[in-house]
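What follows is a short report on a single structure.
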Amino acid sequence: MNPDGGGSSSSSPPPSTSLGADADAEAKEEERGGKQVVVVLVGPPGSGKSTFADAVVAGSTAGRPWARVCQDTIGNGKAGTKIQCLKATSDALKEGRSVLIDRCNLEREQRADFVKLGSTLHVDVHAVALDLPAKVCISRAVSRKGHEGNLQGGKAALVVNRMLQKKETPLLTEGFSRIMSCNDDGDIKKAVDLYNALGPSDSLPSGIFGQKSKGPVQVGIMKFLKKGDTSSVEKSSGPKITLSESKPGQQNPLPKHEKVEDGITCPVEVEKGLNDKNENEEHAKESDSDDVGSRTLAFPSISTADFQFDLDRASDIIVDTAADFLQKFDNIRLVLVDLSKKSKILSLVKEKASKKSIDCSRFFTFVGDITQLYTKGGLQCSVIANAANWRLKPGGGGVNAAIFNAAGESLHHATKKCADALRPGTSVVVPLPSISPLHQREGVTHVIHVLGPNMNPMRPDYLKNDYIKGSKILREAYNSLFENFASIVQGHMGKQNGKSGAGMSAFGGTSPNDTKMKREDSHGSERMKKHKMLPPIMTAKQQHGCTKANMPNYHDKSMTSSAAPNQARERDIKKSGVVTNKTWGSWAQALYELAMHPEKYKNTDSILETSDELIVLKDLYPKAKKHVLVISRTDGLDSLADVRKEHLPLLRRMHSAGVKWAQKFLEEDASLVFRLGYHSVPSMRQLHLHIISQDFDSTSLKNKKHWNSFSTPFFRDSVDVIEEIEQHGSATASSDEKILAMELRCHRCRSAHPNIPKLKSHIANCKSSFPSHLLQKNRLISSSTMHMDCT
DNA sequence: GTTCTAGAAC
DNA sequence: GTTCTAGAAC
């Protein structure tokens, strides 16, 4: 087969959306008796797209005709265009061939036209993302010779890095029926084999396969290189066909529930009405048959009703987050509940879940009262979610009032034990006491309060129709809810198996999220653990003995020796789970101790300045030539998560103190550039602002966490924190610790580097300008901005 | 937060 | 054999 065959079609019209074309395509499809497919390859130069496409075209053993449409070659020597590729794709499809789109397609917009074309011509559109480590792509792209697109040598590295920064992971919501992510050569071989073995009338299951991360930046390079990593991903990625299961010339054995109907591969069950009575009864029967109730979460839409979030967007987010979650965890069931049969959110979710072919035995909608699911609806579920208010108080109408009413006073008490307040985008697990009627009657063992975004001007935290922010918060809220639910289920399975952490079987054996589950579990059971994790109570002996320049020492247990940390500890316990849910180890108390008792440390030259409100301290382990901390002395203000509007004057003064010290350092060395900001989730207790020069020239900067805590969104610029609190009353501290495990990228040119030493040698010489967002709003302080007003 | 160290990567 | 990371302990 001509590898560039896709470019050879000539007379067919360019893609259009005329109805005539639709009918024609459908007729042709029927005539052919098969289902064509457009495979959109997604990957930077060097990721192996052409090799992939050639291997599929040349190795097809099952009789499916393929064409490769390659932008590098379609221009016959000149640079090819997307339009040319679209036309060639359209032509090849009309000739009855399936098509591989060999261009980078890293951004959603770049892919959209191909998806649209596929949909117009009624063919499945798949994405195959070649998510290889940046350094692999770079080294291939740099060293290759005679590349079709003439991208090789030194400029290739620059191009690959630049492209990867713009990468948007393909999503089902873009219109792909199937997305496959290949993280190494083994994955790629499997994918090639899969397409090679795809006969003319075969379809592949819909869904997402092998995807590890959704963010625009790949996770740590080293992680990609670990052996065995990909196999665990495969196991958890849902139904799939492997080469060993499919023989050339034979129909692929599709999973039982998969059936090709009207050109859409879809679980049959989803085709049924999900909201009718029969549907409810069917699920009710299922839940009687085993212990599925203990693995079921019933949740209301948390952003609509009183919160007035756009239903269409809300339903997209519910379906997306649920699909992601179900993909990660087997054997768990999610049920979206609403009182009304006419509920718009239920019908939207139902429709979108169906389109995404989500297994409807694991995610479905249910009409009924969330407080009477078992007694009135026959649906067993041990965990229900509450669309809570930020005060976590009963009342207010809607689901919140209904759940508090049905659960009785004990839920209120139990909630108060766990948390005082809830920030939008977060959730808190409350074990429901067995005396609660909701527990006794309905079998509900846990309530998860969750707070989504609010678009209702009459409610707190009104987002003024900022749907960018609102959608982000809503995703966080559902993710938090689902992950907390997973922790509960895992705890339950652990108990069933007679030992803690033994519940993995509930999730289908090994899972790419095993480590995540462990972490989530520890979070979920934090209340229980807290007591165990508390620093030891001090002895008289321990009350003395500060070391190291008379400074509070991170490793000295005496840091726990004053009464204050213990008081605060009680407060932590009271608030655990949400607003102040962090447990501070003994080593994390040093800044707190200093803030409360600076007089004890007055003989050290590490302290640059002390006032009633602030302390300015040289960081004991500076991560750059100049690195100081402005520490608040307010007791109870442990981190960004505790900051509220009333702290704004303090934050502004901390900022000013930081700017003042940056300016002093600039007088000594005008070449420095400073950034002022907070860590989203600090390791050390007591709110502190980092003032750090951007050379990062320090032997104390040793690992990925160090680097990423200053070079990713984990570092929140002081100006942004202040603005956010002015506008919304609190700061959104990204609690996503995955960000700290991301691959190492230069903070100036954003190039990727395989390890810390290599990164360091790069940043020592990188003269690129800083990313544009840092050049705005005085996020950087340098000799050129010195005389500007920085607040 | 750091230190220590096993074991993976090179 | 050396370098580097990541997780446990503190």
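Throughout, a chain's letter reflects where its sequence line sits, starting with A, and its residues are numbered from 1. Computed from a predicted structure; not experimentally measured.
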ask   = Does A:Lys758 have a side-chain nitrogen or oxygen under 4.0 Å from the phosphate oxygens OP1 or OP2 of B:dC10?
value =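 No, outside the criterion.
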
inquiry  = Does a side-chain N or O of A:His706 approach OP1 or OP2 of B:dG1 to a distance below 4.0 Å, or not?
reply    =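 Result: no.
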
Which of these nucleotides, [options], is closest to any side-chain atom of [X]?
X: A:Asn755; options: C:dA6, C:dC4, B:dT2; value: C:dC4
X: A:Lys702; options: B:dT3, B:dG1, C:dC4; value: B:dT3
X: A:Lys704; options: C:dC10, C:dA6, B:dT2; value: C:dA6

message = Centre-to-centre under 6.0 Å for A:Phe674 and A:Trp661, is that the case here?
response =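 Judged by ring-centre distance (under 6.0 Å), A:Phe674 and A:Trp661 do not meet the cut-off.
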
Using atom [atom1] of [X] as one end and atom [atom2] of [N] as the other, report the distance to the nearest whole Å.
X: A:Met684; N: C:dC10; atom1: CE; atom2: P; answer: 18 Å
X: A:Trp587; N: B:dG1; atom1: CH2; atom2: C1'; answer: 6 Å
X: A:Leu620; N: B:dT3; atom1: CG; atom2: P; answer: 11 Å
X: A:His753; N: B:dA9; atom1: NE2; atom2: C1'; answer: 19 Å
X: A:Asp619; N: B:dT2; atom1: CG; atom2: P; answer: 8 Å
X: A:Asn703; N: B:dT5; atom1: CG; atom2: C1'; answer: 15 Å
X: A:Trp707; N: B:dG1; atom1: CH2; atom2: P; answer: 15 Å
X: A:Leu629; N: B:dG1; atom1: CG; atom2: C1'; answer: 11 Å

ask   = Which residues pass the ring pair (Phe, Tyr, Trp, His ring centres under 6.0 Å) test with A:Phe715, sequence neighbours left out?
value =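 Per chain and number, A:Phe715 pairs via ring pair (Phe, Tyr, Trp, His ring centres under 6.0 Å) with A:Phe710.
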
request  = Mind checking side chain to side chain donor-acceptor pair (under 3.5 Å) for A:Arg779 and listing every partner two or more places apart, or none if nothing turns up?
outcome  =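 Counting only residues at least two positions away or on another chain, A:Arg779 forms a side chain to side chain donor-acceptor pair (under 3.5 Å) with A:Asp720.
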
ask   = Between A:Trp707 and A:His747, what is the ring plane arrangement, given parallel below 30°, perpendicular above 60°, and tilted in between?
value =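 If you compare the ring of A:Trp707 with that of A:His747, the planes turn out perpendicular.
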
request  = Assign A:His688 to base, sugar-phosphate, or nothing according to its heavy-atom contacts below 4.0 angstrom with the strands shown.
outcome  =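 No contact.
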
A:Lys760 (side chain) donor-acceptor with A:Leu701 (main chain) under 3.5 angstrom =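 It does hold such a pair.
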
